[in-house]
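First the proteins, then the strands, lettered A, B, ... as listed; each starts at 1.
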Amino acid sequence: MAGPEIPFTRYIDAEGRAVAALPNSAGTQVLTRLYREMVMARRFDAKMISLQRTGRIPTYPPTLGQEAFHIGLAHAMAEDDALFPTYRDMPSQLARGITLAEALLILGGDERGNDFAGPRADFPQAIPIATQVTHAVGAAYAMKLRGERRAALAIIGDGGTSKGDFYEAMNFAGVWRAPVVFAINNNGWAISMPRDRQSAAGTLAQKSIAAGIPGEQADGNDAVAVYDVIGRALARARDGGGPSVVECLTHRLTDHSTADDASRYRDPGPLSEQWKEEPVQRLRTYLSDEGLWSKEDEEQLIAEIDSRLEETVDGHAASTPPPPEAMFDHLYAEVPADLAGQRRQVMARFAGETGEGDGHG
Amino acid sequence: MAEVTLVGAVTLALGRALADDPDVVLLGEDIGVNGGVFRATEGLRDAFGADRVIDTPLAEAAIAGVAVGMAAEGLRPVAEFQFMGFIYPALDQVVSHVSRLRNRTRGRLSCPLVIRAPYGGGIHGPEHHSESMEALFAHIPGIRVVIPSSPARAYGLLLAAIGSPDPVAFFEPKRLYRTVKQEVADDGEELPLDLCFVLREGRDVTLVSWGASIKETLEAAEALDEQGLSAEVIDVATLTPLDMDSILASVEKTGRCVIVHEAPYTGGFGAEIAARLAERGLLSLLSPVERVTGYDVIPPGPRTEHRYAVTADRITAAARRAIAFPDEPAGQAAE
């Protein structure tokens, strides 16, 4: 049975060659910026894994292989759009303007990281699957109600598109013509479940059809394709054109998380083929061939990134945890009388521990 | 000042909130054109427009989820769920996001929304239309659980819930929706959250209840009075955060306590109050704490639901046992 026609966009192929004229929006500055942040994403990821392996942060979800998706979509967004990320989307958040120090707080299990100075309307990462997509639709409704020229972007994985929340969110967004984009990071795996056992649908983008909204695919290993397709979907949303689904095809080049061992369920053969399509090398080849990136640029970038990462890790190690009462102080706008006793008990129990004040005594 | 029913007071409060704050929006199934299955939003769509009184598609998890996004963007969403029995798909959002958005962003984002749902039995509804599951919500840190028991308290508490910077689960006793009329001034005055209401003063026993069973509790107090016994009646109104001090002060005076709720016995919110009485009020107690509650069963269908109901007779009997203790056995075991 032939599936519905779903447009697919790719500008730069696995060999780093342009297969179509690049969109006008992807000028030299944009391309080099996308590349620089993709390299940051990859090195940040490697650093986090080493921190996890040495017991300095808890379980960590790697982003290896999905850099073009994360960075492409972040740059397609306007500063005052709102992002609804999942636990695998830290590179998008970094590209949106949260700091490395804030990212390390979040990944190290310290809620203060989510009080980031960057894009203040962005949500923190959603850890349950697919719950964030309805948030994006509600935020988009608020933007539309107030006549603001903004849009919401929700990220969801291939596994997440099996959940009712995703169908419900698309359905609401369609009825309301809400300015929201659903960006699917189809990396082929939901922990141990491969894409073809997640859904019998030919594409995940075609799930949009039932909700009456447009859906298309982009090569998620091509940062320009992600940047362009998501950028156009966001522009359409801000202009009153309603919601869209964009399925980006990526590869999860490693385990689901640092607690996972993909060798239990994944054949290494296809994985080595998938490495040939990975996004960072692809964009570097393109930029080098175009004379936009040199070996010296690369060396300088890596030195700069590694020094920033070292500085961040050292800063985090030297930081103190939040004060004991913090877990009570932000639950309600004001601490209810009924909680005051428990708060006092905790303060007394941990009176010897110092914590950084966070403006709540 | 108009005489209104409890559901009429809900409508009045919703209309007042919509008129006073342009950020307030209502959303839910059939709340717009149809005015809600209980008519709680009657006329509001015409008065405030379909953009602010929103008929949603039929999906409870999404209603809660979109309300989270709306609230974080600065709106004040009031989401209606047609019956408590259909609210469970939304529980994921309440536990995972509504209750914790403020905490996990250290106050950068918050979730000032109200979840409204009619609850409780006694209206001859089909299966799933009679539950009293307030204890499920009272167990979730980060939200407030509020249950009115009269038109005036429905008006003032709902306005307080909508004005609250915290998320509120507001459960309406549908059995009382149209049984009583009361004069309610539409003056925008909120009633305090986190405070119990002493509905009747007494000396011999404290009757503690909330929501629909306040009706039978007050009837029991009246019957006890005719028997020469003086009962104090407390409407808890805000289950969480709980105003235990008011309950303790009353029990210190009366020495006896009967807790009444329509919800099942085991793990009901009455257990929380009884436990706290044991912890903080033991020396005030002259008799074991009594609980008059629903049974630990599925509420029976309309043909036999009266067998499940909390009645004034059961409350009166429990109060009399407490007062007669130790001459007669008391506590749930005595029932």
Side-chain angles (χ1 to χ4, degrees), chain A residues 82 84 111-116 120-128 130-146 148 150 152 154 163-165 167-169 171-176 178 180 322 326-339 358-360, chain B residues 22-23 25 27 51-52 54-75 77 79 89 92-93 95-97 99-113 141-144 164-167 193-195 238 240-245 276:
Chain A
F84 296 78
E111 292 85 352
R112 290 173 301 178
N114 282 323
D115 183 15
F116 41 76
R120 297 286 286 177
D122 283 12
F123 261 49
Q125 297 177 351
I127 295 173
T131 50
Q132 72 283 359
V133 287
T134 47
H135 303 163
V137 177
Y141 187 95
M143 295 168 185
K144 187 179 177 186
L145 182 69
R146 289 174 162 163
E148 297 167 347
R150 299 166 60 206
K163 285 195 65 171
D165 305 63
Y167 293 95
E168 293 183 15
N171 190 53
F172 272 53
V175 171
W176 289 347
V180 59
M327 63 178 160
F328 295 98
D329 289 347
H330 303 278
L331 195 57
Y332 298 90
E334 286 176 35
V335 179
D338 192 42
L339 258 187
D358 56 357
H360 284 262
Chain B
D23 288 330
V25 295
L27 68 158
D51 285 349
R52 292 182 66 204
I54 309 161
D55 269 325
T56 68
L58 203 165
E60 287 81 7
I63 291 171
V66 299
V68 170
M70 290 173 173
E73 277 285 334
L75 296 182
D92 182 16
Q93 287 291 341
V95 175
S96 304
H97 297 290
S99 63
R100 61 176 78 203
L101 190 58
R102 176 187 292 280
N103 184 65
R104 68 194 299 257
T105 61
R106 286 300 184 247
R108 180 175 61 85
L109 298 175
S110 63
C111 215
L113 59 80
I143 65 168
R144 297 167 182 276
S164 170
D166 303 316
L193 302 175
D194 305 357
L195 270 189
T238 301
T240 53
L242 177 63
D243 168 23
M244 194 60 204
D245 289 347
R276 293 198 195 196

Taking all non-hydrogen atoms of both residues into account, name the closest pair between Glu148(A) and Glu73(B) and its distance.
-> OE1-OE1, 4.5 Å
Could you check which of Leu331(A), Val133(A), Val137(A) has the highest count of heavy-atom pairs closer than 4.5 Å to chain B?
-> Leu331(A)
Taking all non-hydrogen atoms of both residues, which atom of His135(A) and which atom of Gly65(B) are closest, and how far apart?
-> CD2-O, 3.3 Å
Of the backbone (N, CA, C, O) and the side chain (C-beta and beyond), which part of Leu242(B) lies under 4.5 Å from a heavy atom of chain A, both, or neither?
-> both
Where does Ala121(A) contact chain B at under 4.5 Å (heavy atoms): side chain, backbone, both or neither?
-> both
Name the option with the most non-hydrogen atom pairs under 4.5 Å to chain A; the candidates are Ile54(B), Leu193(B), Leu58(B), Ile63(B).
-> Ile54(B)
Comparing Leu339(A), Val175(A), Leu145(A), Asn171(A) against chain B, the one with the most heavy-atom pairs below 4.5 Å turns out to be Leu145(A)
Could you go through the side chain to side chain contact (heavy atoms under 4.5 Å, CB included) check for Thr105(B) and Phe123(A) one step at a time?
-> CA-CA 9 Å; Thr105(B) 61; Phe123(A) 261 49; over 6 Å; no
Can you see which heavy atom on Gly142(B) is nearest to which on Tyr332(A), and at what distance?
-> N-OH, 3.2 Å
Can you say whether Met327(A) sits under 4.5 Å from chain B via the side chain, the backbone, both, or neither, judging by heavy atoms?
-> backbone
Examine distances only and state if a side-chain atom of Arg104(B) and a backbone atom of Gln125(A) form a donor-acceptor pair shorter than 3.5 Å.
-> yes
Max heavy-atom pairs within cutoff under 4.5 Å with chain B, candidates Ala142(A), Pro124(A), Pro336(A), goes to Pro124(A)
Expected output: side-chain Asp166(B) to main-chain Ala333(A) donor-acceptor under 3.5 Å | yes
Contact origin within Ile143(B) toward chain A - heavy atom pairs under 4.5 Å | backbone
Keeping the roles fixed (side chain from Tyr141(A), backbone from Asp51(B)), state whether a donor-acceptor pair exists under 3.5 Å.
-> yes
Under 3.5 Å, is there a donor-acceptor pair between the side chain of Gln93(B) and the main chain of Thr131(A)?
-> yes
Who among Pro165(B), Ala61(B), Ala62(B) has the most heavy-atom pairs with chain A under 4.5 Å?
-> Ala62(B)
Could you have a look at Arg276(B), Arg52(B), Met244(B) and say which one has the most heavy-atom pairs with chain A under 4.5 angstrom?
-> Arg276(B)
If one checks every heavy atom of Ala82(A) against chain B at 4.5 Å, the contacting part turns out to be side chain
Phe84(A) versus chain B, the contacting section by heavy-atom distance below 4.5 Å = neither
Examine whether an atom of Ala59(B) lies under 4.5 Å from a heavy atom of chain A, and if so say whether it belongs to the side chain, the backbone or both; otherwise answer neither.
-> both
With a 4.5 angstrom heavy-atom cut-off, could you sort out which part of Ser164(B) is near chain A: side chain, backbone, both or neither?
-> neither
Sidechain-backbone polar pair: Arg108(B) side chain, Arg120(A) backbone, donor-acceptor under 3.5 Å = yes
Between His330(A) and Gly107(B), the two heavy atoms sitting closest are ND1-N, 4.3 Å
How long is the span from the OG1 atom in Thr134(A) to the CE atom in Met70(B), to the nearest 0.5 Å?
-> 10.5 Å
Arg146(A) versus Leu75(B), closest heavy-atom pair with distance = NH2-CD2, 3.8 Å
